[in-house]
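Read the structure below first, then the notes.
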Number of protein chains: 2
Amino acid sequence: MAAIRRIDEVLRQPRMDETVEVCGWVRTRRDAAGLSFVEINDGSCLANLQVVVEQGLVNYTTEIRKLSTGCSVRVRGEMVPSPARGQAVELRARTVVVMGWADPDVYPLQKKRHSFEFLRSLPHLRFRTNALGAVARVRSALSFAIHRFFQEQGFLQVHTPVITTSDCEGAGEMFTVTTLEPEQLCAGNTFDDDFFGRHAGLTVSGQLQAEIFALSHSRVYTFGPTFRAENSNTSRHLAEFWMVEPEMAFCDLHDVMATAETMVKFLVTAVMEQCAEDLVLFEQFVAPGLTDRLLQLRDQPFVRLTYTEAVTALERSGKTFAFPVQWGSDLQAEHERYLCEEFVKASVIVTNYPEQIKPFYMRLDDDERTVAAMDVLVAGIGELIGGSQREERLDVLTRRMIAAGLDLEQYGWYLDLRRFGSVPHAGFGLGFERLVQCVTGMQNIRDVIPFPRTPGNAPC
Amino acid sequence: MAAIRRIDEVLRQPRMDETVEVCGWVRTRRDAAGLSFVEINDGSCLANLQVVVEQGLVNYTTEIRKLSTGCSVRVRGEMVPSPARGQAVELRARTVVVMGWADPDVYPLQKKRHSFEFLRSLPHLRFRTNALGAVARVRSALSFAIHRFFQEQGFLQVHTPVITTSDCEGAGEMFTVTTLEPEQLCAGNTFDDDFFGRHAGLTVSGQLQAEIFALSHSRVYTFGPTFRAENSNTSRHLAEFWMVEPEMAFCDLHDVMATAETMVKFLVTAVMEQCAEDLVLFEQFVAPGLTDRLLQLRDQPFVRLTYTEAVTALERSGKTFAFPVQWGSDLQAEHERYLCEEFVKASVIVTNYPEQIKPFYMRLDDDERTVAAMDVLVAGIGELIGGSQREERLDVLTRRMIAAGLDLEQYGWYLDLRRFGSVPHAGFGLGFERLVQCVTGMQNIRDVIPFPRTPGNAPC
């Protein structure tokens with residue numbers, strides 16, 4: 001079946017009167033006098049290919065006139081200019097083979113628009129629709145753009161582990177991974193008897209392990225699944241999501257901010273170039289104003305504010321927030337949105353947060369009240385990226401780990417990185433699904449990941 | 001610290017007498033009359049940069065003469081032609097800042113060669129060595145080459161889930177993922193009370209979910225971590241490993257074999273181009289003959305054999321195998337190695353295995369005795385890739401799932417893919433660590449993954 005062409009190819013580079021063979025799924029069928037128009041889609045692009053089937057075909061009455069949404073067909077014919085509006089070219093069919101039917105009485109996807117909520121009940125079919133099909137293409141383009149960005153800049157990709165016995169403190173609740181049967185646990189077995197000889201869980205961040213490689217290969221990134229066992233049933237939370245985490249040796253807070261800004265602009269540029277057709281759909285049907293937001297993200301410099309400056313701005317805003325603003329407390333989504341949407345009207349990087357609201361590994365500033373943290377806040381999303389320079393001084397790190405109540409023996413390997421050839425280093429984490437939401441304007445995080453895992457929900 | 005240059009850049013494109021600033025870790029220090037030679041490495045390439053430090057520097061006696069393996073330094077100076085053998089250029093230091101010490105009395109990595117086994121006891125330091133540092137670079141290059149291969153051919157990347165309630169039958173034992181505490185389980189709670197409302201585990205394959213996207217976007221691939229809860233403490237098994245799984249609609253057994261062969265040749269070509277220096281190390285110190293094996297893999301066509309032909313060849317080989325050969329039993333590693341290393345002296349694709357030794361989803365051949373399976377066997381490794389055309393006929397698939405004892409209700413979504421717009425489709429799985437072993441010649445799979453998870457072993 002090697003001769004089959006992708007629909008995006010035949011639409012973008014049509015060669016007139018050339019015989020081509022394409023496959024796809026029927027989106028609509030419209031009958032006219034003596035012929036039918038069948039729109040087919042193969043997922044390679046948003047646009048359908050219009051197939052013109054004349055009644056002379058042997059299976060016209062027996063099959064073509066019975067085609068409905070979701071049927072799969074294989075069509076051979078010639079590409080010709082289309083006399084009708086809506087497309088430049090169409091395929092005049094010589095043969096149409098029906099490969100699979102989709103009984104319209106039971107096939108749940110019909111021509112009408114379905115709500116995203118309804119589609120979530122059909123995890124195995126929902127990506128056949130226009131909007132979610134486009135999300136899948138944008139997601140794939142962004143994923144590849146992330147690899148391109150880092151690889152072109154000489155970063156090494158590191159596969160940090162999913163199963164771990166370390167906890168990136170403060171990141172959240174961990175799932176337990178076990179091979180013990182409930183009966184074994186009740187019969188007195190402990191996690192010491194488990195597969196790994198101790199309690200193991202699903203990683204909440206690859207950062208600590210990525211630091212190992214930053215200390216051997218200088219510039220590295222990890223891009224993989226991370227987990228939170230939090231019982232949050234909201235449009236913003238997933239139990240399983242993907243995270244991009246670069247980690248850079250010989251790098252301070254200013255360098256890591258520059259890298260984050262350059263990366264975001266690179267990714268937005270890439271997806272605007274490669275998924276232009278899909279973005280038009282999101283602008284029209286999902287998120288009016290999206291194009292302007294993406295242009296702002298791509299073209300406007302990110303504004304740097306210290307946490308202290310941000311708090312002052314919030315206090316002077318005259319706004320009434322649900323959460324009070326006070327130096328020392330964490331910024332809430334409403335505060336973050338005010339800062340970028342109203343205060344500076346651009347993306348914002350807030351730096352130097354109070355030490356007590358950030359994890360132990362962030363580098364203590366000279367004032368000993370704040371740490372070299374940075375959060376990137378963007379319109380519509382709030383926090384897109386969180387990062388910091390890491391504490392590279394053995395004595396300071398040890399002190400902060402003790403204060404955080406960590407077991408120094410268990411984290412001996414992490415301290416060794418400061419004991420042997422320590423260097424200034426920094427990194428950040430980008431929640432990949434938040435990025436996809438940011439670029440598509442999709443409101444619910446469950447609609448930008450193929451298989452959302454949430455409380456009570458892992459159907460396949 | 002933005003002005004810092006990578007060592008591979010200054011070595012590959014040195015501009016003489018230019019002032020540069022580099023950072024890295026000391027590999028060796030050698031003293032001569034009035035000066036010291038310090039070899040530093042930043043992980044960007046295998047080669048070290050030779051830094052020449054003259055005794056006139058302010059910290060020459062107090063610091064430079066105390067530098068030892070593992071210390072981190074920041075050097076500013078001029079690139080000059082090197083009068084000595086071993087390197088074309090060297091860095092004449094104007095300033096050397098010591099960022100971190102590595103007390104030679106306690107730092108476990110010294111100048112001498114360490115065994116891979118010893119290094120496994122230092123998971124946080126071992127990638128600082130030459131051989132494992134090279135493995136990390138090859139692994140990253142291969143990972144990116146995989147993305148390039150599929151993206152350039154119009155494949156969509158799909159992130160299939162790590163946490164799943166489906167089991168890709170026959171693939172192996174699953175880890176349980178839970179948030180229940182042992183006390184809760186003993187107090188009568190069941191997995192119905194668990195986070196996902198049912199028993200959930202770590203995926204053994206993304207194939208079944210990738211099929212969902214092949215049926216909407218035609219050509220897709222998933223590249224992510226997969227898991228086996230098998231108590232196998234060997235040099236070939238990991239509990240957590242990465243797998244590449246493309247899935248293609250409108251694709252039969254012959255197409256999927258062609259894709260697999262093209263992909264392997266693309267990946268070998270990419271790594272030979274990008275990691276030439278690292279491959280020389282493996283040829284010299286790890287796997288003599290590696291270059292010839294890679295050239296064979298890259299240049300020789302893969303030979304196609306049916307399972308029946310392969311069994312006949314094994315029976316006629318005159319060899320005594322530990323496992324007897326008989327039509328209907330699976331091929332063992334010794335059989336696979338004989339086929340590619342001795343029988344055809346090239347990579348082999350064995351097809352059409354007996355139905356009873358392959359999983360339910362493989363397409364039944366017309367003889368109803370065999371299925372449209374294919375395994376790619378390569379010298380030194382054995383099975384590198386396993387794939388098949390998938391059963392797209394609803395009635396045949398249902399029959400085979402019943403025979404395999406599967407719960408049709410639980411797999412209703414999988415059957416729906418054949419109920420609504422079914423098409424011929426095929427795919428395969430490539431064990432990523434086996435590929436890295438194949439390309440580097442590394443013998444133990446634990447040395448080609450950053451953080452090997454094996455029974456009793458998940459230290460960080």
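Numbers restart at 1 for each chain; the letters A, B, ... are given by sequence-line order, proteins then strands.
For the atom pair SG (A/Cys251) and CD (A/Gln389), the distance works out to 7.5 Å, reported to the nearest 0.5 Å. Between A/Leu208 atom CG and B/His124 atom NE2 the span is 13.0 Å, to the nearest 0.5 Å.
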- Message: Set out, in order, the CA-CA distance, both residues' side-chain angles and the distance that settles side chain to side chain donor-acceptor pair (under 3.5 Å) for A/Thr176 and A/His199, then state yes or no.
- Response: CA-CA 7 Å; A/Thr176 292; A/His199 183 265; 2.9 Å; yes
- Check against side chain to side chain contact (heavy atoms under 4.5 Å, CB included), B/Val73 and B/Met99: CA-CA 5 Å; B/Val73 292; B/Met99 293 184 288; 5.7 Å; no
- Message: I'd like to know whether A/Phe223 forms a ring-ring contact (aromatic ring centres under 6.0 Å, His included) with A/Phe150, so could you lay out the CA-CA distance, the side-chain angles of the two residues, the decisive distance to 0.1 Å, and finally the verdict.
- Response: CA-CA 11 Å; A/Phe223 183 12; A/Phe150 287 112; 8.9 Å; no
- Mind running side chain to side chain contact (heavy atoms under 4.5 Å, CB included) on A/Leu109 and A/Leu122 for me, showing each step along the way? CA-CA 9 Å; A/Leu109 297 178; A/Leu122 302 167; 4.1 Å; yes
- Given the rule in the side chain to side chain donor-acceptor pair (under 3.5 Å) test, do B/Arg27 and B/Asn130 qualify, once you have shown the distances and angles that lead to the verdict? CA-CA 10 Å; B/Arg27 287 296 168 88; B/Asn130 279 342; 2.7 Å; yes
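Using a 4.5 Å cut-off between heavy atoms, A/Pro123 contacts chain B through its backbone alone, with no side-chain atom that close. Contacts between A/Val98 and chain B at a heavy-atom distance below 4.5 Å are absent for every atom of the residue. Both the backbone and the side chain of A/Ala458 come within contact range of chain B, with heavy atoms under 4.5 Å apart. The part of A/Phe191 that comes within reach of chain B is its side chain, from C-beta onward, which places non-hydrogen atoms under 4.5 angstrom from that chain. Neither the backbone nor the side chain of A/Ala426 has a heavy atom closer than 4.5 Å to any heavy atom of chain B. Of the atoms belonging to A/Gln153, it is backbone heavy atoms, and not side-chain ones, that fall under 4.5 Å from chain B. Contact of B/Arg453 with chain A is made through backbone and side chain together, with heavy-atom distances under 4.5 Å. Proximity to chain B is absent for every atom of A/Ala141, based on heavy atoms less than 4.5 angstrom apart. For A/Trp242, the part lying near chain B is the side chain, with the backbone staying farther off; criterion is any non-hydrogen pair under 4.5 Å. Within the 4.5 angstrom heavy-atom criterion, atoms from both the backbone and the side chain of A/Arg137 approach chain B. When heavy atoms are compared at a cutoff of 4.5 Å, B/Arg219 approaches chain A solely by way of its side chain, counted from C-beta outward. Looking at A/Tyr414, there are no atoms closer than 4.5 Å to chain B (heavy atoms on both sides), in backbone or side chain. If you measure heavy-atom distances from A/Arg139 to chain B, the contacts under 4.5 Å come from the side chain alone. Proximity to chain B (any heavy atom under 4.5 Å) is shown, for A/Asp42, by both the backbone and the side chain. Of the atoms belonging to A/Thr454, it is backbone heavy atoms, and not side-chain ones, that fall under 4.5 Å from chain B. At a 4.5 Å heavy-atom cutoff, A/Leu180 makes no contact with chain B through either its backbone or its side chain.
When B/Tyr107, B/Phe175, B/Trp25, B/Trp413 are compared by the number of non-hydrogen pairs under 4.5 Å with chain A, B/Trp25 comes out ahead. When A/Gly197, A/Gly70, A/Pro450 are compared by the number of non-hydrogen pairs under 4.5 Å with chain B, A/Pro450 comes out ahead. In terms of non-hydrogen atom pairs under 4.5 Å with chain B, the most contact-rich of A/Leu202, A/Val158, A/Val26 is A/Leu202. For chain B, the option among A/Thr179, A/Leu185, A/Ile449, A/Thr178 with the highest count of heavy-atom pairs below 4.5 Å is A/Thr178. Ranked by heavy-atom pairs shorter than 4.5 Å toward chain A, the options B/Gln410, B/His147, B/Arg419 are led by B/His147. Interface summary for chain A: among B/Ala102, B/Ala239, B/Ser44, the most heavy-atom pairs under 4.5 angstrom belong to B/Ala102. No other option in B/Val220, B/Thr190, B/Asp416 has as many heavy-atom pairs under 4.5 Å with chain A as B/Asp416. Taking B/Phe227, B/Phe155, B/Phe420 one by one and counting their heavy-atom pairs under 4.5 Å with chain A, the maximum is reached by B/Phe420. The greatest number of non-hydrogen atom pairs below 4.5 Å with chain B, out of A/Thr129, A/Val106, A/Asp194, A/Leu132, is found for A/Val106. Chosen from B/Glu240, B/Glu183, B/Arg198, B/Arg148, the residue pairing most often with chain A at heavy-atom distances under 4.5 Å is B/Glu240. Of all the listed residues (A/Pro108, A/Ala200, A/Gly133, A/Cys45), the one sharing the greatest number of non-hydrogen pairs under 4.5 Å with chain B is A/Gly133. The residue among A/Ala187, A/Pro161, A/Ser422, A/Ser218 with the most heavy atom pairs within less than 4.5 Å of chain B is A/Pro161.
Looking only at atom types and distance, the side chain of B/Tyr221 has a donor-acceptor partner in the side chain of B/Gln151 under 3.5 Å away. Under 3.5 Å, the side chains of A/Glu392 and A/His425 contain no donor-acceptor pair of N or O atoms. For the residue pair A/Thr222/A/His159, the side-chain donor-acceptor check at 3.5 Å is not satisfied.
Between the side chain of A/Ser140 and the backbone N or O of B/Leu156 there is no donor-acceptor pair closer than 3.5 Å. Without hydrogens or angle criteria, A/Glu173 side chain to A/Ala229 main chain gives no donor-acceptor distance under 3.5 Å. Although no hydrogens or angles enter the test, the distance criterion places no donor-acceptor pair under 3.5 Å between the side chain of B/Thr226 and the main chain of B/Thr203.
Checked for salt-bridge contact, B/Arg74 and B/Glu21 meet the test: a charged N lies under 4.0 Å from a carboxylate O.
Shortest non-hydrogen contact noted between A/Thr165 and B/Cys460 is OG1-N, 3.7 Å.
Annotation: B/Phe451 is not in aromatic contact with B/Phe127 [ring centroid separation under 6.0 Å not met].
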